[in-house]
Amino acid sequence: MAAPVETDPNAVPEYPQPRDGRCPFAPAPGVRDLQSRAPLTRVRLWDGSTPWLVTRYEDYRALLADPRLSADATKDGYPSPSAGLKARRSTNPTFISMDDPEHARLRRMVTAPFAIKRVEALRPRVQRIVDDLVDDLLAGPKPVDLVEAFALPTPSLVICELLGVPYTDHDFFQQNSRVLVKRDATAEESMAAQARLIEYIDDLIARKTTEPADDLLSSLAARVNDGELTRARAASMGMLLLVAGHETTANMIALGTLALLENPAQLALLRDSEDPKFVAGAVEELLRYLTITHMGRRRVALEDIEHGGQTIRAGEGVVLAGEAGNWDPEVFDAPDRLDLTRDARRHVAFGFGVHQCLGQPLARVELQVAYPTLLRRVPGLRLATSVDEVPFKHDGQVYGVYELPVTW
(Lines give C-alpha, C1' and ligand atoms only; values in the text may rest on other atoms or scores of the structure.)
Protein backbone atom coordinates (compact mmCIF):
# COMPACT_ATOMS: atom_id res chain seq x y z
CA MET A 1 0.00 0.00 0.00
CA ALA A 2 1.37 3.41 -0.91
CA ALA A 3 2.08 5.98 1.75
CA PRO A 4 -0.37 8.87 1.72
CA VAL A 5 0.74 12.04 -0.02
CA GLU A 6 1.46 14.96 2.32
CA THR A 7 -1.62 17.15 2.74
CA ASP A 8 0.24 20.00 4.44
CA PRO A 9 1.19 22.34 1.57
CA ASN A 10 4.26 23.44 3.53
CA ALA A 11 5.51 19.90 4.09
CA VAL A 12 8.26 18.59 1.85
CA PRO A 13 7.62 14.99 0.72
CA GLU A 14 10.32 12.37 0.64
CA TYR A 15 11.82 11.26 -2.67
CA PRO A 16 11.79 8.67 -4.07
CA GLN A 17 8.20 7.91 -3.15
CA PRO A 18 6.91 4.38 -2.42
CA ARG A 19 5.07 2.60 -5.21
CA ASP A 20 1.60 1.18 -5.05
CA GLY A 21 2.03 -2.61 -4.95
CA ARG A 22 -1.34 -3.01 -6.68
CA CYS A 23 0.02 -1.30 -9.80
CA PRO A 24 3.68 -2.31 -10.01
CA PHE A 25 4.37 -0.73 -13.43
CA ALA A 26 3.15 2.77 -12.55
CA PRO A 27 5.25 5.63 -11.21
CA ALA A 28 4.78 6.22 -7.50
CA PRO A 29 1.31 7.73 -6.86
CA GLY A 30 2.89 10.43 -4.72
CA VAL A 31 5.03 11.57 -7.67
CA ARG A 32 2.00 11.65 -9.97
CA ASP A 33 0.15 13.71 -7.39
CA LEU A 34 3.03 16.21 -7.32
CA GLN A 35 2.86 16.30 -11.13
CA SER A 36 -0.77 17.41 -10.94
CA ARG A 37 0.04 20.18 -8.47
CA ALA A 38 2.86 22.24 -10.00
CA PRO A 39 5.67 22.15 -12.58
CA LEU A 40 8.34 22.18 -9.86
CA THR A 41 8.01 21.05 -6.26
CA ARG A 42 10.46 20.54 -3.41
CA VAL A 43 11.29 17.02 -2.22
CA ARG A 44 13.48 15.72 0.56
CA LEU A 45 16.28 13.25 -0.23
CA TRP A 46 18.02 10.61 1.90
CA ASP A 47 20.55 13.19 3.18
CA GLY A 48 17.96 15.81 4.16
CA SER A 49 18.61 18.04 1.15
CA THR A 50 15.54 19.53 -0.59
CA PRO A 51 16.12 19.85 -4.36
CA TRP A 52 13.45 20.71 -6.91
CA LEU A 53 11.53 17.83 -8.49
CA VAL A 54 10.47 18.12 -12.14
CA THR A 55 7.64 15.79 -13.12
CA ARG A 56 6.07 17.18 -16.30
CA TYR A 57 7.24 16.16 -19.75
CA GLU A 58 7.83 19.59 -21.30
CA ASP A 59 9.62 20.89 -18.20
CA TYR A 60 11.78 17.76 -18.15
CA ARG A 61 12.96 18.32 -21.72
CA ALA A 62 13.40 22.08 -21.35
CA LEU A 63 15.51 21.84 -18.21
CA LEU A 64 17.65 18.91 -19.39
CA ALA A 65 18.51 20.98 -22.46
CA ASP A 66 19.39 24.04 -20.34
CA PRO A 67 23.19 24.52 -20.11
CA ARG A 68 22.72 26.43 -16.86
CA LEU A 69 22.08 23.07 -15.20
CA SER A 70 25.23 21.07 -14.56
CA ALA A 71 25.65 17.31 -14.49
CA ASP A 72 28.83 17.64 -12.43
CA ALA A 73 28.21 15.41 -9.43
CA THR A 74 31.17 16.88 -7.54
CA LYS A 75 29.58 20.35 -7.28
CA ASP A 76 28.00 21.51 -4.02
CA GLY A 77 24.25 21.13 -4.15
CA TYR A 78 24.25 18.21 -6.59
CA PRO A 79 21.36 15.94 -5.47
CA SER A 80 23.00 12.52 -5.11
CA PRO A 81 20.51 9.65 -5.15
CA SER A 82 22.30 7.61 -2.49
CA ALA A 83 25.27 7.58 -0.15
CA GLY A 84 26.95 4.98 -2.33
CA LEU A 85 26.67 6.98 -5.53
CA LYS A 86 27.75 10.18 -3.80
CA ALA A 87 30.91 8.50 -2.54
CA ARG A 88 31.74 6.94 -5.89
CA ARG A 89 31.21 10.03 -8.00
CA SER A 90 33.15 12.28 -5.62
CA THR A 91 36.26 10.14 -6.06
CA ASN A 92 35.86 8.68 -9.51
CA PRO A 93 33.47 10.60 -11.77
CA THR A 94 32.68 9.21 -15.21
CA PHE A 95 31.73 11.27 -18.25
CA ILE A 96 28.01 10.99 -17.53
CA SER A 97 28.56 13.18 -14.48
CA MET A 98 30.68 15.80 -16.26
CA ASP A 99 29.84 18.86 -18.33
CA ASP A 100 31.07 19.75 -21.79
CA PRO A 101 33.68 20.04 -23.15
CA GLU A 102 35.21 17.19 -21.10
CA HIS A 103 31.98 15.18 -21.22
CA ALA A 104 31.86 15.45 -25.03
CA ARG A 105 35.58 14.67 -25.41
CA LEU A 106 35.37 11.44 -23.44
CA ARG A 107 31.98 10.41 -24.83
CA ARG A 108 33.26 10.70 -28.42
CA MET A 109 35.90 8.08 -27.62
CA VAL A 110 33.26 5.39 -27.12
CA THR A 111 30.48 6.56 -29.42
CA ALA A 112 31.37 4.70 -32.63
CA PRO A 113 30.40 1.14 -31.57
CA PHE A 114 26.96 2.39 -30.50
CA ALA A 115 26.17 4.20 -33.75
CA ILE A 116 22.98 2.95 -35.39
CA LYS A 117 24.68 1.41 -38.45
CA ARG A 118 27.25 -0.43 -36.33
CA VAL A 119 24.56 -1.70 -33.98
CA GLU A 120 22.31 -2.83 -36.85
CA ALA A 121 25.24 -4.90 -38.12
CA LEU A 122 25.17 -6.67 -34.76
CA ARG A 123 21.49 -7.64 -35.07
CA PRO A 124 22.16 -11.13 -36.54
CA ARG A 125 24.60 -11.85 -33.71
CA VAL A 126 22.06 -10.64 -31.13
CA GLN A 127 19.48 -12.92 -32.75
CA ARG A 128 21.83 -15.92 -32.45
CA ILE A 129 22.49 -15.16 -28.79
CA VAL A 130 18.77 -14.90 -28.07
CA ASP A 131 17.98 -18.07 -30.05
CA ASP A 132 20.65 -20.03 -28.17
CA LEU A 133 19.30 -18.85 -24.83
CA VAL A 134 15.74 -19.82 -25.80
CA ASP A 135 17.05 -23.24 -26.93
CA ASP A 136 18.58 -23.71 -23.48
CA LEU A 137 15.39 -22.47 -21.84
CA LEU A 138 13.23 -24.99 -23.70
CA ALA A 139 15.66 -27.83 -23.01
CA GLY A 140 15.89 -27.10 -19.30
CA PRO A 141 13.58 -27.68 -16.33
CA LYS A 142 10.49 -25.62 -15.65
CA PRO A 143 9.41 -23.48 -13.98
CA VAL A 144 12.49 -21.34 -14.44
CA ASP A 145 13.62 -17.89 -13.37
CA LEU A 146 13.49 -15.86 -16.58
CA VAL A 147 15.89 -13.27 -15.16
CA GLU A 148 18.72 -15.76 -14.72
CA ALA A 149 17.92 -17.86 -17.77
CA PHE A 150 17.23 -15.16 -20.33
CA ALA A 151 16.89 -11.51 -19.32
CA LEU A 152 20.30 -11.13 -17.68
CA PRO A 153 22.49 -13.22 -20.01
CA THR A 154 21.13 -11.64 -23.22
CA PRO A 155 22.58 -8.13 -22.74
CA SER A 156 25.52 -9.48 -20.74
CA LEU A 157 26.70 -11.65 -23.62
CA VAL A 158 26.26 -8.79 -26.09
CA ILE A 159 28.11 -6.16 -24.06
CA CYS A 160 30.88 -8.64 -23.23
CA GLU A 161 31.51 -9.22 -26.94
CA LEU A 162 31.38 -5.51 -27.69
CA LEU A 163 33.80 -4.57 -24.92
CA GLY A 164 36.05 -7.63 -25.07
CA VAL A 165 35.18 -8.86 -21.57
CA PRO A 166 35.22 -12.66 -20.98
CA TYR A 167 31.62 -13.77 -20.35
CA THR A 168 33.00 -16.54 -18.15
CA ASP A 169 33.53 -13.80 -15.55
CA HIS A 170 29.84 -12.86 -15.53
CA ASP A 171 29.19 -13.98 -11.95
CA PHE A 172 31.90 -11.61 -10.75
CA PHE A 173 30.84 -8.51 -12.63
CA GLN A 174 27.10 -9.09 -12.22
CA GLN A 175 27.47 -9.52 -8.47
CA ASN A 176 29.42 -6.27 -8.13
CA SER A 177 27.12 -4.44 -10.54
CA ARG A 178 24.16 -5.33 -8.34
CA VAL A 179 25.83 -3.52 -5.44
CA LEU A 180 26.42 -0.42 -7.54
CA VAL A 181 22.75 -0.09 -8.51
CA LYS A 182 21.37 -0.91 -5.08
CA ARG A 183 19.99 2.25 -3.53
CA ASP A 184 20.64 1.32 0.09
CA ALA A 185 24.20 0.07 -0.41
CA THR A 186 26.49 1.88 2.01
CA ALA A 187 29.24 4.14 0.78
CA GLU A 188 31.77 1.50 1.85
CA GLU A 189 29.97 -1.32 0.02
CA SER A 190 29.57 0.77 -3.08
CA MET A 191 33.18 1.98 -3.12
CA ALA A 192 34.46 -1.58 -2.60
CA ALA A 193 32.36 -2.94 -5.48
CA GLN A 194 33.52 -0.13 -7.73
CA ALA A 195 37.16 -0.75 -6.81
CA ARG A 196 36.85 -4.45 -7.66
CA LEU A 197 35.28 -3.72 -11.04
CA ILE A 198 37.79 -1.01 -11.94
CA GLU A 199 40.70 -3.27 -11.01
CA TYR A 200 39.19 -6.01 -13.17
CA ILE A 201 38.72 -3.73 -16.20
CA ASP A 202 42.14 -2.17 -15.65
CA ASP A 203 43.74 -5.62 -15.88
CA LEU A 204 41.93 -6.27 -19.15
CA ILE A 205 43.03 -2.92 -20.59
CA ALA A 206 46.62 -3.60 -19.53
CA ARG A 207 46.56 -6.85 -21.51
CA LYS A 208 44.96 -5.18 -24.52
CA THR A 209 47.66 -2.50 -24.67
CA THR A 210 50.03 -5.26 -25.85
CA GLU A 211 47.52 -7.77 -27.27
CA PRO A 212 44.77 -5.69 -28.91
CA ALA A 213 41.64 -7.23 -30.40
CA ASP A 214 38.64 -5.86 -32.29
CA ASP A 215 36.74 -4.59 -29.27
CA LEU A 216 36.03 -1.40 -27.35
CA LEU A 217 38.44 -1.99 -24.48
CA SER A 218 41.24 -2.44 -27.04
CA SER A 219 40.22 0.90 -28.55
CA LEU A 220 40.51 2.53 -25.13
CA ALA A 221 43.87 0.79 -24.59
CA ALA A 222 45.13 2.29 -27.86
CA ARG A 223 44.16 5.76 -26.61
CA VAL A 224 46.07 5.05 -23.42
CA ASN A 225 49.10 4.11 -25.51
CA ASP A 226 48.71 7.33 -27.52
CA GLY A 227 48.54 9.44 -24.37
CA GLU A 228 44.95 10.61 -25.01
CA LEU A 229 43.63 8.89 -21.91
CA THR A 230 44.97 7.77 -18.57
CA ARG A 231 44.67 4.09 -17.62
CA ALA A 232 42.52 5.08 -14.64
CA ARG A 233 40.10 7.06 -16.80
CA ALA A 234 39.94 4.26 -19.38
CA ALA A 235 39.15 1.71 -16.66
CA SER A 236 36.37 3.91 -15.26
CA MET A 237 34.83 4.30 -18.70
CA GLY A 238 35.03 0.54 -19.31
CA MET A 239 33.35 -0.16 -15.98
CA LEU A 240 30.56 2.30 -16.75
CA LEU A 241 29.86 0.69 -20.12
CA LEU A 242 29.94 -2.83 -18.69
CA VAL A 243 27.51 -2.05 -15.86
CA ALA A 244 25.14 0.15 -17.86
CA GLY A 245 25.29 -2.22 -20.82
CA HIS A 246 23.68 -5.13 -19.05
CA GLU A 247 21.82 -3.84 -15.95
CA THR A 248 19.33 -1.59 -17.71
CA THR A 249 18.45 -3.84 -20.64
CA ALA A 250 18.20 -6.94 -18.43
CA ASN A 251 15.64 -5.16 -16.28
CA MET A 252 13.72 -3.98 -19.35
CA ILE A 253 13.56 -7.53 -20.75
CA ALA A 254 12.28 -9.05 -17.50
CA LEU A 255 9.90 -6.26 -16.50
CA GLY A 256 8.65 -5.84 -20.06
CA THR A 257 7.91 -9.55 -20.32
CA LEU A 258 5.93 -9.37 -17.08
CA ALA A 259 4.01 -6.33 -18.34
CA LEU A 260 3.13 -8.25 -21.51
CA LEU A 261 2.05 -11.34 -19.57
CA GLU A 262 -0.25 -9.08 -17.54
CA ASN A 263 -1.65 -7.58 -20.77
CA PRO A 264 -2.35 -10.66 -22.94
CA ALA A 265 -4.06 -8.74 -25.77
CA GLN A 266 -0.96 -6.57 -26.19
CA LEU A 267 1.28 -9.63 -25.89
CA ALA A 268 -0.62 -11.28 -28.74
CA LEU A 269 -0.15 -8.20 -30.94
CA LEU A 270 3.62 -8.33 -30.49
CA ARG A 271 3.87 -12.12 -30.75
CA ASP A 272 1.85 -12.31 -33.94
CA SER A 273 3.30 -9.34 -35.82
CA GLU A 274 5.86 -9.88 -38.58
CA ASP A 275 6.18 -6.12 -39.18
CA PRO A 276 9.56 -4.80 -37.94
CA LYS A 277 8.11 -1.29 -37.73
CA PHE A 278 5.35 -2.47 -35.42
CA VAL A 279 7.88 -4.34 -33.26
CA ALA A 280 10.07 -1.23 -33.06
CA GLY A 281 7.06 0.88 -32.07
CA ALA A 282 5.98 -1.68 -29.48
CA VAL A 283 9.42 -1.50 -27.87
CA GLU A 284 9.16 2.30 -27.68
CA GLU A 285 5.82 1.98 -25.89
CA LEU A 286 7.29 -0.53 -23.41
CA LEU A 287 10.18 1.88 -22.79
CA ARG A 288 7.69 4.71 -22.15
CA TYR A 289 5.39 2.62 -19.98
CA LEU A 290 8.11 1.15 -17.77
CA THR A 291 10.85 3.84 -17.77
CA ILE A 292 13.05 1.72 -15.52
CA THR A 293 15.26 4.60 -14.32
CA HIS A 294 13.08 5.73 -11.43
CA MET A 295 15.63 7.79 -9.52
CA GLY A 296 15.49 10.76 -11.85
CA ARG A 297 18.21 12.56 -13.79
CA ARG A 298 20.20 14.82 -11.47
CA ARG A 299 21.49 18.35 -12.02
CA VAL A 300 22.65 21.40 -10.06
CA ALA A 301 22.01 25.01 -11.10
CA LEU A 302 25.04 27.09 -12.12
CA GLU A 303 23.03 30.33 -11.93
CA ASP A 304 19.53 31.47 -11.06
CA ILE A 305 16.93 30.01 -13.44
CA GLU A 306 13.32 31.22 -13.72
CA HIS A 307 11.10 28.30 -14.65
CA GLY A 308 7.51 27.30 -14.05
CA GLY A 309 6.80 30.28 -11.84
CA GLN A 310 9.69 29.42 -9.53
CA THR A 311 13.32 30.49 -9.22
CA ILE A 312 15.88 27.73 -9.08
CA ARG A 313 18.75 29.40 -7.25
CA ALA A 314 22.38 28.89 -8.18
CA GLY A 315 23.69 25.89 -6.25
CA GLU A 316 20.28 24.26 -5.84
CA GLY A 317 19.74 20.69 -6.96
CA VAL A 318 17.18 19.54 -9.53
CA VAL A 319 15.80 16.00 -9.90
CA LEU A 320 14.07 15.30 -13.21
CA ALA A 321 11.66 12.38 -13.01
CA GLY A 322 11.46 10.80 -16.45
CA GLU A 323 9.04 8.09 -15.33
CA ALA A 324 6.55 10.82 -14.44
CA GLY A 325 7.22 12.72 -17.68
CA ASN A 326 6.45 9.58 -19.66
CA TRP A 327 3.11 9.31 -17.85
CA ASP A 328 2.22 12.99 -18.37
CA PRO A 329 -1.43 12.98 -19.55
CA GLU A 330 -0.85 16.27 -21.36
CA VAL A 331 1.46 14.43 -23.77
CA PHE A 332 0.44 10.76 -23.70
CA ASP A 333 -3.29 10.03 -23.76
CA ALA A 334 -4.32 7.53 -21.05
CA PRO A 335 -0.66 7.05 -20.03
CA ASP A 336 -1.50 4.25 -17.61
CA ARG A 337 -2.63 2.05 -20.52
CA LEU A 338 -0.02 -0.15 -22.21
CA ASP A 339 -0.88 0.35 -25.87
CA LEU A 340 1.61 -1.12 -28.33
CA THR A 341 -0.14 0.66 -31.21
CA ARG A 342 0.61 4.06 -29.67
CA ASP A 343 3.23 6.36 -31.19
CA ALA A 344 5.50 6.63 -28.15
CA ARG A 345 8.67 7.75 -29.91
CA ARG A 346 8.77 11.03 -27.97
CA HIS A 347 9.33 9.25 -24.65
CA VAL A 348 12.26 10.20 -22.46
CA ALA A 349 13.20 6.78 -21.13
CA PHE A 350 16.78 7.36 -22.33
CA GLY A 351 16.91 10.91 -20.96
CA PHE A 352 17.14 14.01 -23.11
CA GLY A 353 19.81 16.41 -24.34
CA VAL A 354 23.54 15.90 -24.60
CA HIS A 355 23.60 13.33 -21.80
CA GLN A 356 20.93 11.02 -23.18
CA CYS A 357 21.84 7.35 -23.11
CA LEU A 358 24.79 6.49 -25.34
CA GLY A 359 23.73 2.85 -25.67
CA GLN A 360 20.12 3.37 -26.72
CA PRO A 361 20.55 1.99 -30.29
CA LEU A 362 21.97 -1.23 -28.84
CA ALA A 363 19.25 -1.50 -26.19
CA ARG A 364 16.59 -1.04 -28.86
CA VAL A 365 17.98 -3.84 -31.03
CA GLU A 366 18.28 -6.19 -28.06
CA LEU A 367 14.68 -5.54 -27.01
CA GLN A 368 13.35 -5.76 -30.59
CA VAL A 369 14.94 -9.20 -30.85
CA ALA A 370 14.34 -10.51 -27.33
CA TYR A 371 10.59 -9.92 -26.85
CA PRO A 372 9.25 -11.32 -30.15
CA THR A 373 11.67 -14.25 -30.20
CA LEU A 374 10.77 -15.30 -26.66
CA LEU A 375 7.01 -14.92 -27.21
CA ARG A 376 6.95 -16.76 -30.55
CA ARG A 377 9.19 -19.64 -29.58
CA VAL A 378 7.57 -20.11 -26.17
CA PRO A 379 3.92 -19.40 -27.05
CA GLY A 380 2.58 -20.84 -23.80
CA LEU A 381 4.80 -18.64 -21.64
CA ARG A 382 3.07 -17.70 -18.38
CA LEU A 383 3.85 -16.72 -14.83
CA ALA A 384 4.58 -19.64 -12.52
CA THR A 385 3.43 -17.59 -9.55
CA SER A 386 1.07 -14.70 -8.92
CA VAL A 387 2.20 -11.20 -9.75
CA ASP A 388 1.76 -10.34 -6.07
CA GLU A 389 4.60 -12.72 -5.25
CA VAL A 390 7.06 -11.36 -7.82
CA PRO A 391 9.93 -9.58 -6.00
CA PHE A 392 10.17 -6.09 -7.47
CA LYS A 393 13.27 -3.93 -7.13
CA HIS A 394 11.80 -1.24 -4.91
CA ASP A 395 15.28 -0.66 -3.48
CA GLY A 396 17.07 -0.35 -6.81
CA GLN A 397 18.32 2.63 -8.77
CA VAL A 398 17.10 0.71 -11.81
CA TYR A 399 13.56 -0.67 -11.49
CA GLY A 400 12.79 -4.25 -12.41
CA VAL A 401 12.30 -7.65 -10.80
CA TYR A 402 14.78 -9.76 -8.90
CA GLU A 403 13.19 -12.97 -10.16
CA LEU A 404 10.50 -13.85 -12.69
CA PRO A 405 9.33 -17.46 -12.29
CA VAL A 406 7.76 -18.63 -15.56
CA THR A 407 6.60 -21.84 -17.13
CA TRP A 408 4.88 -22.88 -20.39
Side-chain angles (χ1 to χ4, degrees), residues 1-3 14-32 45-46 80-85 88 144-156 159 170-171 173-186 189-190 193-194 242-262 286-298 319 321-324 326-327 338 349-351 357 363 366-367 370-371 383-406:
M1 179 70 74
E14 303 285 331
Y15 184 84
Q17 290 268 311
R19 291 172 171 277
D20 186 339
R22 296 165 301 183
C23 188
F25 308 115
V31 171
R32 297 195 73 193
L45 303 187
W46 61 278
S80 292
S82 68
L85 203 56
R88 296 203 323 266
V144 65
D145 175 14
L146 195 75
V147 173
E148 287 297 323
F150 184 73
L152 189 52
T154 294
S156 297
I159 197 65
H170 68 94
D171 284 342
F173 66 73
Q174 287 170 351
Q175 181 181 356
N176 285 288
S177 294
R178 278 194 287 271
V179 178
L180 296 189
V181 298
K182 193 171 182 182
R183 199 169 67 212
D184 58 3
T186 66
E189 291 169 338
S190 189
Q194 176 181 258
L242 177 61
V243 174
H246 74 273
E247 279 288 349
T248 50
T249 307
N251 281 294
M252 264 305 298
I253 292 173
L255 192 63
T257 300
L258 177 57
L260 291 166
L261 291 172
E262 291 296 295
L286 284 162
L287 287 163
R288 180 203 69 82
Y289 185 69
L290 300 171
T291 318
I292 57 170
T293 304
H294 279 232
M295 295 293 290
R297 311 280 167 175
R298 309 282 171 136
V319 179
E323 81 278 14
N326 278 337
W327 280 50
L338 178 65
F350 293 116
C357 176
E366 291 172 335
L367 297 175
Y371 293 132
L383 269 182
T385 184
S386 72
V387 69
D388 296 338
E389 295 177 340
V390 173
F392 288 89
K393 292 183 174 178
H394 294 292
D395 58 347
Q397 297 187 40
V398 180
Y399 190 53
V401 295
Y402 283 107
E403 298 175 8
L404 189 61
V406 295

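For the single chain, residues carry numbers from 1 onward in sequence order. Hydrogens, waters and symmetry mates play no part in the numbers below; they use all other heavy atoms, side chains included.
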**Prompt:** Under 4.5 Å between any side-chain heavy atoms of K393 and V398, yes or no?
**Reply:** no
**Message:** I'd like to check the side-chain contact (heavy atoms from CB on, under 4.5 Å) partners of A193; sequence neighbours left out, ordered by chain and number.
**Reply:** N176, V179, L180, R196
**Prompt:** Would a 4.5 Å heavy-atom cut-off, applied to side chains only, mark L338 and L286 as touching?
**Reply:** yes
**Asked** What distance do L383 atom CG and L261 atom CG have between them, rounded to the nearest 0.5 Å?
**Response** 5.5 Å
**Request:** Taking all heavy atoms of A254 and all of V147, pick out the closest pair and write down the distance.
**Result:** CB-CG2, 3.9 Å
**Asked** Looking only at heavy atoms, what is the nearest atom pair of A370 and I253, with distance?
**Response** CB-CD1, 4.1 Å
**Prompt:** So do Y399 and R19 actually touch side chain to side chain, heavy atoms under 4.5 Å?
**Reply:** yes
**Message:** Could you tell me if the side chain of I159 sits less than 4.5 Å from the side chain of T249, heavy atoms only?
**Reply:** no
**Prompt:** Are Y289 and W327 close enough that their ring centres sit under 6.0 Å apart?
**Reply:** yes
**Prompt:** Under the 3.5 angstrom rule, does the side chain of D145 hit a backbone N or O of P405 as a donor-acceptor pair?
**Reply:** no
**Item:** Residues forming a side-chain contact (heavy atoms from CB on, under 4.5 Å) with A149, sequence neighbours excluded
**Value:** L137, V144
**Fill in**
OG1 of T291 to CZ of F350, rounded to nearest 0.5 Å, is 10.0 Å
**pair M295-S82: side-chain heavy atoms closer than 4.5 Å** = no
**Request:** Would you mind reporting whether V243 and S177 have side-chain heavy atoms less than 4.5 Å apart?
**Result:** yes
**Fill in**
Rounded to the nearest 0.5 Å, the OH atom of Y402 sits from the CD atom of E148 at a distance of 13.0 Å
**Message:** When you compare the side chain of P81 with that of R298, does any pair of heavy atoms fall below 4.5 Å?
**Reply:** yes
**Request:** With rounding to the nearest 0.5 Å, note down the distance linking CD in Q397 to OG1 in T248.
**Result:** 13.0 Å
**Message:** With side-chain contact (heavy atoms from CB on, under 4.5 Å) as the criterion, how do D395 and K182 come out once you've worked through the C-alpha distance, each side chain's angles and the decisive distance to 0.1 Å?
**Reply:** CA-CA 6 Å; D395 58 347; K182 193 171 182 182; 3.5 Å; yes
**Request:** Kindly give the heavy-atom pair with the smallest separation between E323 and Y15, and that separation in Å.
**Result:** OE2-OH, 3.7 Å
**Complete:** Nearest heavy-atom approach of P18 to P29 is O-CD, 3.7 Å
**Request:** Test F150 against L404 for side-chain contact (heavy atoms from CB on, under 4.5 Å), laying out the working first.
**Result:** CA-CA 10 Å; F150 184 73; L404 189 61; over 6 Å; no
**Request:** Might you point out which heavy atoms bring G30 and Q17 nearest each other, and give the distance in Å?
**Result:** CA-OE1, 3.4 Å
**Request:** Could you label the plane-to-plane angle of the H170 and F173 rings as parallel, tilted or perpendicular, counting under 30° as parallel and over 60° as perpendicular?
**Result:** perpendicular
**Item:** Test item: L258 and V387 side chains (from C-beta on) under 4.5 Å apart, heavy atoms
**Value:** yes
**Message:** Show the nearest heavy-atom pair for residues V319 and G296, with the distance to one decimal.
**Reply:** CG1-CA, 4.1 Å
